[in-house]
Amino acid sequence: MTERQKLEPGGPWTQSIRLAFIAIFVLTLFAAGAWLLSNVRQIPAGSRAVVLRFGAQQRVAEPGLLLAWPSPVNDVVMVPGPDRVIEHRVTALLRSSAAQSLDINGGPGNDAVSGSGFLLTGDAGVVQLDISVFYRVRTPTAYVLQGKHVLPLLDRLAERAAVAVCASRDLDTILVARPEMPGNDMNVAQQREQLRSDVQRNIEQNLLRLQQAGSDAGITLERVTVQSALPVATVTAFNAVLTASQQASKAVATAQSDASLTRQKAVQQADQLLQTAQAKAQESVAKAQSDTATIARLASNHDDPDLLGRIYRQRIAEILSRAGSVITVSPQDDAHLILQGVAQKEAAKP
C-alpha cells in the first residue's frame, strides 16, 4: 500500500487520526467538566466554607451544597462550624527534645537547654505548665485571613499569660498539692480553678485587645486547662522528702504505740503492787488487831483496874528473858540500871 492510499479519506491513517482526535476531545470535555465542577461540593455538618474570588473574600457558605466557580476564579477554604470546639496544646511551654534528653541521660547543658520549658515563680521557684486551649471559630473571614498565624498566636498569648500568672504567685500556690499542710484539701480545688481562670482571663483580654486593634483572629476562647509540674530532679527530691516524712510519721506512730503499751504495763504493775501492798497492810492490821485483842478487851474492862497491871507483870518477865539486855532508866535519876539477861549470860560463859 502506497503513501497516497494511506492518506486518502477512507485510509487507515485518516481513521486513526480521527479516532485519536475524538478521544482527545472527549477527554478534554471531561477535564473541562471536572474543572468547572471542582468547587461544587457538599459542605458537611459542623463546618463552613469561605469563598474567595481572586483572593478576596466573597461570602461564607453554611453546611449544604456549595456552588462556586473553579479555581483560580473562586477558592474555597473549609473552616470549623460555630459549635465545633477545637483543642490546641501549647507546645511553646513544653520542654524541648534536647532538654528532655538531658533530663533522661544527664550531663552538662547550657542555660537555654536547662531552662527550656520552665517558668519562674514569684518566690524564685521553678515550675512547668502544660496548657491546652479550647476555642471556637467566631468569624470565618477573620479566621481565614489570619490563616496559619492563628495557632502561633495562641502559643504566644498562652506563653505570655503563663509567665504573668506564675510571676504573681509563689510555688505552693501554683502547685496546690501539699498533703503535709493541714487543711489544704479544702482549698486545693479552689486554688486550681483560680489559676486556670487567671490564665484564661489573660488570654481573653489579649485576644480582645488584638480585635480592637484590627488584628482579629476570628476565634472565641472556650476554656483552658492547666497542669503544673516540677523539674525531674525536684520531683525526685520532693518524693524523697515525702518518703522521709512518711517514714518519720511511721516511726513516731510505732514509738507512740510502744510507749502506750509500756505505759499500760507500768499501770498494770503499779496497780498490782498497790493491791498487794493494800492486802499486806490489811493483813498486818488484822494480825495486829488479833494480837492486841486481849489487851484491848482488858483495857476496856473498868471493873478491875489492877487486872491490866497484874497481867503486865506476869508477861513482862517472859518477854524480858528473851532480850539480850535490858536498860531501865528512872525518870527521876540519870543513872542506868543494866540487867543481864539470858542471852548475855550465855555469851559470858566460856
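Hydrogens, waters and symmetry mates play no part in the numbers below; they use all other heavy atoms, side chains included.
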- Determine, step by step, whether Val133 and Asp155 satisfy the side chain to side chain contact (heavy atoms under 4.5 Å, CB included) criterion, reporting the C-alpha distance in whole Å, the side-chain angles of both residues, the deciding distance to 0.1 Å, and the verdict. CA-CA 9 Å; Val133 179; Asp155 287 340; over 6 Å; no
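- Here CG of Leu273 is found 9.0 Å from NZ of Lys280. Values are rounded to the nearest 0.5 Å.
- Residues Val165 and Leu195 are in side-chain contact: their nearest non-hydrogen atoms beyond the backbone lie under 4.5 Å apart.
- Residues Glu159 and Ala92 share a closest heavy-atom pair of OE1-CB, 3.7 Å.
- Following chains of ILVMFWY side-chain contacts shorter than 4.5 Å, one cannot reach Val77 starting from Leu145, and the two form parts of different hydrophobic clusters.
- Arg59 CZ: more than 12 foreign heavy atoms inside a 6.0 Å radius.
- Counting non-hydrogen atoms of other residues, nucleotides and ligands closer than 6.0 Å to CD of Gln278 gives a total above 12.
- Looking only at side-chain heavy atoms (C-beta outward), Ser132 and Gln227 stay at 4.5 Å or farther from each other.
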- Task: Begin from the C-alpha positions of Val50 and Leu52 and carry the test side chain to side chain contact (heavy atoms under 4.5 Å, CB included) through to its verdict.
- Result: CA-CA 6 Å; Val50 177; Leu52 305 177; 4.0 Å; yes
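- A side-chain donor-acceptor contact under 3.5 Å links Gln200 to the backbone of Glu222.
- Thr28 contributes a side-chain N or O that, together with a main-chain N or O of Ile24, makes up a donor-acceptor pair within less than 3.5 Å.
- Put simply, CD on Gln205 and CZ on Arg160 are 10.0 Å apart, with the number rounded to the nearest 0.5 Å.
- For the pair Asp123 (side chain) and Leu171 (backbone), a donor-acceptor distance under 3.5 Å is present.
- One distance of note links CD1 of Ile131 with OG1 of Thr91; it measures 11.5 Å at 0.5 Å rounding.
- Residues Val60 and Thr141 are in side-chain contact: their nearest non-hydrogen atoms beyond the backbone lie under 4.5 Å apart.
- The nearest pair of heavy atoms linking Val199 to Ala161 is O-CB, 3.8 Å.
- Arg209 contributes atom CZ, which lies 9.5 Å from atom CG of Leu157 (distance to the nearest 0.5 angstrom).
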- Are Glu204 and Arg201 close enough, and set up right, to give a salt bridge (charged side-chain N to carboxylate O under 4.0 Å, His left out), and what steps lead you there? CA-CA 5 Å; Glu204 289 176 345; Arg201 187 181 303 107; over 6 Å; no
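- Judged purely by atom type and a 3.5 angstrom limit, Ser245 uses its side chain to pair as donor or acceptor with the backbone of Val241.
- Transitive grouping of hydrophobic side chains (ILVMFWY, heavy atoms separated by less than 4.5 Å) brings Ile22 and Phe30 into a common cluster.
- Arg138 contributes no side-chain N or O that, together with a main-chain N or O of Leu221, makes up a donor-acceptor pair within less than 3.5 Å.
- By the 4.5 Å heavy-atom criterion applied to side chains, Gln211 and Leu208 are counted as neighbours.
- Val144 and Ile86 fall within a single hydrophobic cluster, where Ile, Leu, Val, Met, Phe, Trp and Tyr side chains are chained together by heavy-atom contacts under 4.5 Å.
- Summarising the geometry, atom NE2 belonging to His88 is positioned 9.5 Å from atom CD1 belonging to Ile219; distances are rounded to the nearest 0.5 Å.
- Of the inter-residue distances, the one linking Leu154 atom CG with Asn206 atom CG reads 11.0 Å to the nearest 0.5 angstrom.
- The two residues Asp130 and Leu94 have their closest heavy-atom pair at OD1-CD2, 3.8 Å.
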- Task: Quick one: do Arg263 and Ser260 satisfy side chain to side chain contact (heavy atoms under 4.5 Å, CB included)? Show the steps, please.
- Result: CA-CA 5 Å; Arg263 183 170 57 253; Ser260 178; 3.8 Å; yes
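- A distance-only check finds a donor-acceptor pair linking the side chain of Thr254 to the backbone of Lys250 [under 3.5 Å].
- By the 4.5 Å heavy-atom criterion applied to side chains, Ile174 and Leu129 are counted as neighbours.
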- May I have the step-by-step check of side chain to side chain contact (heavy atoms under 4.5 Å, CB included) for Gln194 and Arg169, ending in yes or no? CA-CA 11 Å; Gln194 184 64 34; Arg169 283 174 167 81; 3.5 Å; yes
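- Judged purely by distance below 3.5 Å, without hydrogens or angles, the side chains of Gln275 and Asp271 never pair a donor atom with an acceptor atom.
- Ala164 and Asn202 get closest at one heavy-atom pair: CB-ND2, 3.9 Å.
- Here the closest non-hydrogen pair linking Val226 and Val224 is CG2-CG1, 4.0 Å.
- Between Val127 and Ala229 the shortest heavy-atom distance is CG2-O, 3.2 Å.
- In this structure, the side chain of Arg223 does not engage the main chain of Phe134 through any donor-acceptor pair within 3.5 Å.
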